[in-house]
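See below for the structure under consideration.
So that the names make sense, note that chain A is the first sequence line, chain B the second, and so on, each numbered from 1.
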There are 2 protein chains.
Amino acid sequence: MAHITAGVEYALHCLLWLVDSPGAPLSSRDLADFQGISPSFLAKVFPKLEKAGIVASSEGVRGGYRLAKRPEAISVLAVVDAIEGEKPLFDCQEIRGRCAAFGGRPPAWATKGVCAIHAVMLRAEKAMRDSLESQTLADIAGTLERKMPPEFSEEVRRWVEERTEARIRGKA
Amino acid sequence: MAHITAGVEYALHCLLWLVDSPGAPLSSRDLADFQGISPSFLAKVFPKLEKAGIVASSEGVRGGYRLAKRPEAISVLAVVDAIEGEKPLFDCQEIRGRCAAFGGRPPAWATKGVCAIHAVMLRAEKAMRDSLESQTLADIAGTLERKMPPEFSEEVRRWVEERTEARIRGKA
DNA sequence: CATAACGCGGACTATAATGATCCGCGTTAT
DNA sequence: ATAACGCGGATCATTATAGTCCGCGTTATG
């Protein structure tokens with residue numbers, strides 16, 4: 001299992017679609033179907049993004065989500081923390097204090113400050129987080145825009161239209 | 001659950017004791033008891049360190065493990081990879097190719113190269129790994145040496161002695 | 001030379017996290 | 001009034017981790 005989980009992956013892919021859709025909000029259901037991922041799982045992801053102030057929701061029919069900030073103001077780190085809840089890279093179990101030579105009562109010098117091994121991991125975690133913080137949603141969107149052919153936006157618009165019509169037909 | 005697991009934590013703590021014991025090999029059983037961790041679990045960790053060329057084993061009575069390299073030549077990254085097996089930080093599921101607008105057959109431009117989101121994660125992972133690689137066992141041992149009072153080495157020696165004697169007494 | 005302390009490795013179990021589903025409630029456009 | 005939404009709780013299946021157990025081959029030592 002990876003440290004950065006599928007929830008983050010789904011969230012970022014969805015946020016990229018929201019970047020391209022500054023008008024009407026998109027529903028989590030549509031976003032899931034459009035990308036071939038689980039709608040019910042995605043429905044658990046979005047409230048976390050909303051609590052973190054990354055997206056804003058509108059309830060009721062034709063409700064959904066839109067970005068709550070400019071894409072340049074949304075770092076990948078913010079998304080990771082919103083979904084994972086600041087999960088640490090390493091969980092120090094304070095082995096240093098359990099040394100049998102202490103007989104159950106470790107001296108102050110042994111447990112003072114951060115465990116030396118933990119410190120190593122915290123430095124690595126900071127390097128990772130700094131990297132994630134330096135990259136924003138706008139950066140990723142820019143990369144994609146350079147890959148995507150100009151016709152594609154039109155294709156997407158068509159897909160959304162067809163789906164809306166299909167819903168209306170289903171009603172009738 | 002943390003990305004860097006207890007196996008790595010146990011391994012590093014043990015390796016630090018091996019740094020201070022360049023003479024006779026230490027058994028995984030003694031290392032576990034000495035640090036209050038599971039002996040059977042530690043017995044699963046050491047073969048991985050051995051396969052990675054970090055420790056060398058000697059079999060039979062009075063056997064055990066010793067460092068296979070100088071502490072300066074053992075990076076924390078090497079230990080992490082030995083135990084975790086190069087586990088990726090992020091597992092890209094190639095969502096980009098599932099877009100419903102592609103109708104099951106994504107065009108070449110969509111799946112060419114590394115996924116933009118994956119690329120972000122790979123950069124963060126590299127930052128983490130670079131940090132882990134820059135820190136060696138000798139660095140950590142140095143930090144500890146500055147904390148430990150000079151008498152402590154003697155206390156440890158006494159503990160090992162007492163345990164050996166206890167084994168002999170148990171035999172009689 | 002028999003024994004006990006070792007490492008080695010496979011099979012196995014328990015627990016926790018993840019990914020995912022389902023249901024009922026409140027809100028709101030049509 | 002209805003259906004499409006978001007929201008949140010309960011639940012479930014799968015997987016990874018942490019840990020155990022057992023049997024085998026090796027080797028120092030009495």
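- The phosphate of D:dG6 has neither OP1 nor OP2 within less than 4.0 Å of any side-chain N or O from A:S58.
- Between A:S57 and D:dC7 there is a side-chain polar atom (N or O) within less than 4.0 angstrom of OP1 or OP2.
- Salt bridge present: B:R96 and B:E94 bring a charged side-chain N and a carboxylate O closer than 4.0 Å.
- The number of heavy atoms from other shown groups lying within 6.0 Å of CZ (A:R29) does not exceed 12.
- The CZ atom of B:R66 sits 14 Å away from the C1' atom of C:dG7 (whole-angstrom rounding).
- Pairs passing the ring-ring contact (aromatic ring centres under 6.0 Å, His included) check and including a residue from residues 52-85 of chain B, sequence neighbours excluded, read B:F46-B:Y65.
- At distances below 3.5 Å, at least one donor-acceptor pair connects side-chain atoms of A:K87 with backbone N or O atoms of A:H3.
- The base-pairing partner of D:dG6, taking Watson-Crick or G-U wobble contacts with both distances under 3.5 Å, is C:dC25.
- Base-pair partner of D:dT14: C:dA17 (Watson-Crick or G-U wobble, both distances under 3.5 Å).
- Across the protein-nucleic acid pair, B:I37 atom CD1 and D:dT20 atom C1' stand 15 Å apart, rounded to whole Å.
- In this structure, A:K147 contributes its side chain and B:A116 its backbone to no donor-acceptor pair below 3.5 Å.
- As a whole-Å value, the separation of A:L31 CG from D:dA4 P is 17 Å.
- In this structure, B:K48 reaches neither bases nor backbone, as no heavy-atom distance under 4.0 Å exists between it and the strands shown.
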Q | Heavy-atom protein contacts under 4.0 Å, nucleotides 15-30 of chain C, coded B base, S sugar-phosphate only, - none | A | --SSBBB-----BBB-

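- Proximity of A:S27 to the phosphate of D:dA4: no side-chain N or O atom is located under 4.0 Å from OP1 or OP2.
- Using a 4.0 Å heavy-atom distance criterion, B:F46 is classed as making no nucleic acid contact.
- Remark: C1' of D:dC5 and CZ of A:R29 are 12 Å apart, rounded to the nearest angstrom.
- Distance B:L49 CG to C:dG7 P: 13 Å, rounded to the nearest Å.
- Atom CG of B:L89 sits about 13.5 Å away from atom CZ of B:R123, to the nearest 0.5 Å.
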Q: Output, in order, the C-alpha distance, side-chain angles, deciding distance and verdict of side chain to side chain donor-acceptor pair (under 3.5 Å) for B:T5 and B:E84.
A: CA-CA 8 Å; B:T5 60; B:E84 314 269 23; 3.2 Å; yes

